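Written out below as structure tokens is the structure these notes cover.
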Amino acid sequence: MKAAATAPKAREFNPTDFLATIGEGRKFVAVPKKQLIFGQGDEADSVYYIQKGKVRLSVVSKVGKEATIGIVSEGAFFGEGALAGQLVRMGSAAAMTDCELLRVEKKAMMDALHREHAFSDMFVAYLLARNIRYEEDLVDQLFNSSEKRLARVLLLLAHFGKEGIPEAVIPKISQETLAEMVGTTRSRVSFFMNRFRKLGFIQYSGGLEGGLQVHSSLLNIVLHD
């Protein structure tokens with residue numbers, strides 16, 4: 001007697017596969033490490049999806065002070081302000097590593113969101129998650145010490161909590177960039193990084209890239225009152 005056939009498992013929606021089918025209005029872009037992808041004040045005419053690599057998002061004030069507002073990696077969108085009526089870029093995006101990006105023009109992206117409900121649901125969920133992250137960043141900035149803020153940034157960069165396995169923070173990230181993200185001075189970041197290393201919370205891998213391994217024990221700093 002034949003075993004009853006089981007229904008095939010529904011495949012998870014893959015935004016990369018879908019975006020590749022858009023046709024006109026999308027383009028694959030290879031961006032080498034340290035190259036600018038778009039600058040503050042450029043025309044906001046497209047959205048980017050990261051297939052490989054890490055991208056640094058930053059903004060410069062009128063007096064020339066630069067701040068890092070985020071680092072995004074594989075599976076993330078950036079430049080989505082173009083869909084909300086922004087005419088020019090409010091910040092800059094630069095490749096931290098060699099990157100493979102999918103650039104989707106504004107009209108093509110809007111058409112895709114209207115046409116494909118699964119893609120629209122995924123994109124809205126992504127935006128909501130990013131908004132929650134920004135709210136958490138604000139609370140962190142207002143109420144937590146610079147030591148706790150640095151620990152949280154390192155855990156986020158290590159993707160801690162995603163499948164329970166921290167990954168090495170690669171590429172090497174400068175203490176100046178960490179200071180911008182935390183909202184403190186480079187000297188304070190250096191002091192706390194040395195302390196974290198001595199306590200065994202982080203470990204430098206050395207080599208040309210100078211990767212950083214973040215251990216789950218760093219949570220002790222975030223959770224400690």
Side-chain angles (χ1 to χ4, degrees), residues 31-40 50 52-61 63-76 78 90-99 129-162 165-224:
V31 183
K33 181 179 179 179
K34 295 185 178 181
Q35 181 170 307
L36 190 68
I37 300 166
F38 59 72
Q40 188 169 326
I50 305 175
K52 182 180 180 182
K54 291 182 182 290
V55 173
R56 175 175 175 255
L57 307 177
S58 62
V59 64
V60 179
S61 70
V63 297
K65 184 177 181 180
E66 184 178 25
T68 298
I69 57 176
I71 293 174
V72 288
S73 55
E74 289 91 341
F78 64 96
M90 303 302 292
S92 300
M96 292 186 69
T97 65
D98 292 339
C99 291
R130 176 173 284 192
N131 186 64
I132 291 171
R133 163 72 188 278
Y134 286 156
E135 289 181 354
E136 291 173 345
D137 288 347
L138 179 59
V139 171
D140 193 41
Q141 191 73 29
L142 291 173
F143 297 110
N144 287 332
S145 66
S146 53
E147 183 181 30
K148 279 190 176 184
R149 297 200 305 271
L150 176 60
R152 177 173 175 269
V153 164
L154 292 174
L155 288 165
L156 288 170
L157 289 174
H159 292 190
F160 182 78
K162 293 186 178 180
I165 304 174
E167 66 177 31
V169 178
I170 299 173
K172 181 179 179 180
I173 183 168
S174 70
Q175 291 187 353
E176 288 84 355
T177 297
L178 285 172
E180 291 171 5
M181 297 179 72
V182 172
T184 189
T185 63
R186 182 191 176 282
S187 61
R188 293 295 286 168
V189 168
S190 179
F191 173 81
F192 291 132
M193 292 292 280
N194 285 330
R195 181 169 182 266
F196 294 165
R197 180 179 55 80
K198 290 176 182 178
L199 291 171
F201 296 155
I202 63 174
Q203 179 181 347
Y204 294 98
S205 63
L208 294 176
E209 291 296 329
L212 180 71
Q213 181 70 38
V214 178
H215 301 291
S216 59
S217 55
L218 186 59
L219 274 171
N220 294 331
I221 296 293
V222 177
L223 299 177
H224 179 71

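Remember, it's a predicted structure, so these values are computed and weren't measured experimentally.
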Validation row: [X], [Y] side chains within 4.5 angstrom (heavy atoms):
X      : Y      : answer
Asn144 : Arg152 : no
Lys33  : Asp98  : yes
Val214 : Leu157 : no
Val72  : Ile50  : yes
Ile221 : Phe192 : no
Phe191 : Glu147 : no
Leu212 : Ile173 : no
Met96  : Thr177 : no

Rounded to the nearest 0.5 Å, what separation is found between the [atom1] atom of [X] and the [atom2] atom of [Y]?
X      : Y      : atom1 : atom2 : answer
Thr184 : Leu178 : OG1   : CG    : 11.0 Å
Gln203 : His215 : CD    : NE2   : 4.5 Å
Met90  : Leu57  : CE    : CG    : 13.5 Å
Gln141 : Leu138 : CD    : CG    : 8.0 Å
Asp137 : Ile132 : CG    : CD1   : 12.0 Å
Leu154 : Met181 : CG    : CE    : 9.0 Å

Which heavy atom in [X] sits nearest to a heavy atom in [Y], and how many Å separate them?
X      : Y      : value
Ser92  : Leu36  : CB-CD1, 4.2 Å
Lys52  : Glu74  : CA-CG, 3.6 Å
Ser58  : Gln40  : O-OE1, 4.5 Å
Met193 : Tyr204 : CE-OH, 3.4 Å
Phe38  : Gly91  : CE1-O, 3.5 Å
Cys99  : Lys54  : SG-O, 3.4 Å

>> Apply side chain to side chain contact (heavy atoms under 4.5 Å, CB included) to residues Val182 and Arg188 and explain how you reach the verdict.
In response: CA-CA 10 Å; Val182 172; Arg188 293 295 286 168; over 6 Å; no

> Hey, is the main chain of Glu176 close enough, under 3.5 Å, to the side chain of Arg186 for a donor-acceptor pair?
Replying inline: no

>> Between Asp140 and Glu136 (side chain of the first, backbone of the second, donor and acceptor by atom type, cut-off under 3.5 Å), is there such a pair?
In response: no

> How far apart are the C-alpha atoms of Leu150 and Phe196, what are their side-chain angles, what is the distance that settles it, and do they pass the side chain to side chain contact (heavy atoms under 4.5 Å, CB included) test?
Replying inline: CA-CA 10 Å; Leu150 176 60; Phe196 294 165; 3.8 Å; yes

